[in-house]
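The sequence lines fix the lettering, A, B, ..., with proteins before strands; numbering per chain opens at 1.
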Amino acid sequence: MVESTGQSARPATFRTTRQWTIADGHARSQRRPHRRPERADRQCRTGPREHRRAGGKTCGAAAVTVFADALLAWFDRHGRHDLPWQHPRDAYRVWLSEIMLQQTQVATVIPYFQRFVAALPSLHALAAADEDSVLALWSGLGYYRRARFLHRAAQLCVEQHQGELPRDFDALAALPGIGRSTAGAILAQAYGLRYPILDGNVKRVLTRFHGIVGHPSEREVEKQLWLRADEHTPAARTADYTQAIMDLGATVCVRTRPLCDACPMQAHCIAHRDHLTAQLPTAKPGKRIPTRSTLMLILRDGEGRVLLQRRGPQGVWSGLWSLPESADSDGAWREAQRHAQIEDARSLTPFVHVFSHYRLQIQPLLFDHAAPARAIADNADLRWYAIADLPSLGLPAPVRSLLTALPEPAVP
DNA sequence: AAACCGGGGGG
DNA sequence: CCCCCAGGTTT
């Protein structure tokens, strides 16, 4: 039971700008709240969603229909219904288009798609082809690894699935190059089965619509997104819905400057309500950076002066006055003893300073009642400074805050 | 230069 | 299970 219109569009999966006729139609359409009588809980009497099979990939019940109804109404008027993989829309062509669209714009994919299916019109033909010719057909699209996955998957289908793409979610997702989202997209579009998808466009739509904060790479956020994706997926017209939500993300709910006035969901969109469309989805967290650690030595003499050291010309904070450092505790003591007679050390609260390319874990070590060593005390790069003099020095921010918040000397 | 992304693979 | 990477193009 595939859905009604018998045709459907498939937008680009990610990064895509679709250049179809957004302009006037959209602006007109959205202003009519296409809401139907609101059948809150229609087809699903399944009670608490039954997420178990396929490890929670599947769909239990469509809980919310306002979303799907508005989206489908929009899609009927403004969606794209003329893409080559829609006519005919069989599993092989849907699959091929999905893989191609994972990496390239619709406009670019179309001629490759047509060339590919002309040369290899069926899954059997693909499976029987040699890898070189598959790669030749792929040539220019990039991401050739996916072409190899495609080829291998076709051969696996011949060996294990009677030459067809399996309709079973787990079997489908077990094929190389097909993960949870792509499996859902294929099942929904080729077979009309109710499975959610979650590609980049859908993530953007859902984070905005629900005001979900946090990058999708965070586990909780992704969980939340899949939940919402599942919740909104209707049992009827699943194929159209799947295409529609991707269309919306690709053309209206675009990353920068979304066309909210053309959006059928504007009235219910949290991000729009709260003026957060520019902040959502949350920007990618800074890439992983290494953490280094250092001990910072605070030598303080009886008059409250501290020993500062000018940093060398290389590396961070070059030329700034900073604290002597050491990598480990032993080294810290040796270093301290070079500059003063010391008795004991107190470790202060460690903290982290973040640079663009690494984070620095700083463990301050306070040597109080230090008696400056005579001869080597002051020179161009090594001086005892009164705390009161610090404001006039160039100090790294963490060093400055550390020194301005020193604890009182312990009473001897 | 960096962000982008679904899936594979490694830890 | 969780984290990281590959890969070409866009911002």
Side-chain angles (χ1 to χ4, degrees), chain A residues 10-19 51-52 54-57 94-112 134-135 138-154 156 165-166 169-189 195-208 212 214-226 229-230 242 245-246 249-251 253-258 277-291 355-359:
Chain A
R10 171 52 167 75
T13 44
F14 66 79
R15 82 182 91 191
T16 310
T17 23
R18 207 99 82 44
Q19 61 288 31
H51 271 289
R52 280 309 30 106
K57 311 308 186 289
V94 167
W95 171 38
L96 176 62
S97 71
E98 280 297 327
I99 303 299
M100 285 185 166
L101 287 165
Q102 277 175 2
Q103 51 206 28
T104 316
Q105 296 185 345
V106 167
T108 307
V109 160
I110 288 175
Y112 281 91
V134 174
L135 290 174
W138 205 268
S139 170
L141 272 177
Y143 299 95
Y144 299 97
R145 189 170 78 135
R146 295 176 200 243
R148 294 194 181 90
F149 283 154
L150 186 80
H151 189 216
R152 246 173 59 206
L156 286 170
L165 267 188
F169 181 94
D170 290 336
L172 191 55
L175 294 171
I178 301 178
R180 182 175 178 180
S181 185
T182 301
I186 292 170
L187 292 176
Q189 298 188 89
Y195 283 89
I197 62 157
L198 191 62
D199 74 354
N201 290 320
V202 177
K203 285 177 183 171
R204 192 168 51 251
V205 170
L206 294 179
T207 54
R208 283 179 177 156
I212 296 171
H215 194 266
S217 65
E218 293 166 36
R219 187 154 177 60
E220 264 317 303
V221 173
E222 216 209 350
K223 202 188 282 180
Q224 195 54 223
L225 287 170
W226 274 111
D230 180 42
T242 300
I245 192 169
M246 291 188 287
T251 64
C253 197
V254 292
R255 190 154 70 89
T256 58
R257 312 234 280 130
T277 51
Q279 345 292 334
L280 296 177
T282 303
K284 177 186 170 183
K287 61 175 180 192
R288 272 210 181 284
I289 55 179
T291 297
F355 294 98
S356 59
H357 50 310
Y358 67 93
R359 70 185 68 232

Could you spell out the base pairing of DNA chain C as a dot-bracket line? Use Watson-Crick and G-U wobble contacts where both distances are under 3.5 Å, [ ] for crossing pairs, | for partners on a different strand. |||||.|||||

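The CH2 atom of A:W226 sits 12 Å away from the C1' atom of B:dG7 (whole-angstrom rounding). Across the protein-nucleic acid pair, A:Y144 atom OH and C:dG8 atom P stand 7 Å apart, rounded to whole Å. Regarding A:Y143, its OH atom lies at a distance of 15 Å from the P atom of B:dG8, rounded to whole Å. Between the CZ atom of A:R204 and the C1' atom of B:dA3 there is a distance of 13 Å, rounded to whole Å. Here C:dC2 presents its P atom at 8 Å from NZ of A:K223, a figure rounded to the nearest Å. For A:R146 and B:dC5, the CZ to P distance is 13 Å, given to the nearest whole Å. Here the C1' atom of nucleotide B:dC5 and the CD1 atom of A:I197 are 13 Å apart, to the nearest Å. In this structure, A:L101 atom CG and B:dG6 atom P are separated by 13 Å, rounded to whole Å.
At C:dG8, none of the side-chain N or O atoms of A:T104 fall inside 4.0 Å of OP1 or OP2 (strictly under the cut-off). Contact annotation: A:K203 side-chain N/O to B:dG6 OP1/OP2 distance is under 4.0 Å. For A:R219 and C:dC2, the shortest distance from a side-chain N or O to OP1 or OP2 is below 4.0 Å.
For the pair A:R146 and A:F149, the cation-pi test (distance below 6.0 Å, angle within 45°) is failed.
Not one N or O on the side chain of A:T207 forms a donor-acceptor pair closer than 3.5 Å with the backbone of A:L280. Of the possible polar contacts, none joining the A:R152 side chain to the A:P176 backbone as a donor-acceptor pair under 3.5 Å is found.
With a 4.5 Å cut-off on side-chain heavy atoms, A:L206 and A:V202 count as touching. Residues A:V221 and A:H215 have side chains not in contact (no heavy-atom distance under 4.5 Å, counting atoms from C-beta outward).
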Yes or no on side-chain hydrogen bond (donor to acceptor under 3.5 Å, both in side chains) for A:Q102 and A:T182, after CA distance, side-chain angles and deciding distance? CA-CA 9 Å; A:Q102 277 175 2; A:T182 301; 2.6 Å; yes

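Nearest nucleotide to the side chain of A:F149, out of B:dG8, B:dC5, C:dG8: B:dG8. For A:Q102, taking side-chain heavy atoms from C-beta onward, the closest of the listed nucleotides B:dG8, B:dG7, B:dA3 is B:dG7. For A:D199, the listed nucleotide lying nearest its side chain is B:dG6; candidates were B:dA3, B:dG6, C:dG8.
A:L198 comes within contact range of the sugar-phosphate backbone alone, with a heavy-atom separation under 4.0 Å but no base atom that close. Residue contacts shown for A:L175 are limited to sugar-phosphate atoms, with no base heavy atom under 4.0 Å away. Residue A:P216 is classed as having no contact, given no heavy-atom separation below 4.0 Å to the nucleic acid.
A distance of 12.0 Å separates CG of A:L150 from CD of A:E98, quoted to the nearest 0.5 Å. A:K223 contributes atom NZ, which lies 12.5 Å from atom CD of A:E218 (distance to the nearest 0.5 angstrom).
Residues A:T256 and A:G142 each lie close to DNA chain C; by heavy-atom proximity, the contact nearer the 5' end of the strand is made by A:G142. If A:G140 and A:R145 are placed on DNA chain C by their nearest nucleotide, the residue sitting closer to the 5' end is A:R145.
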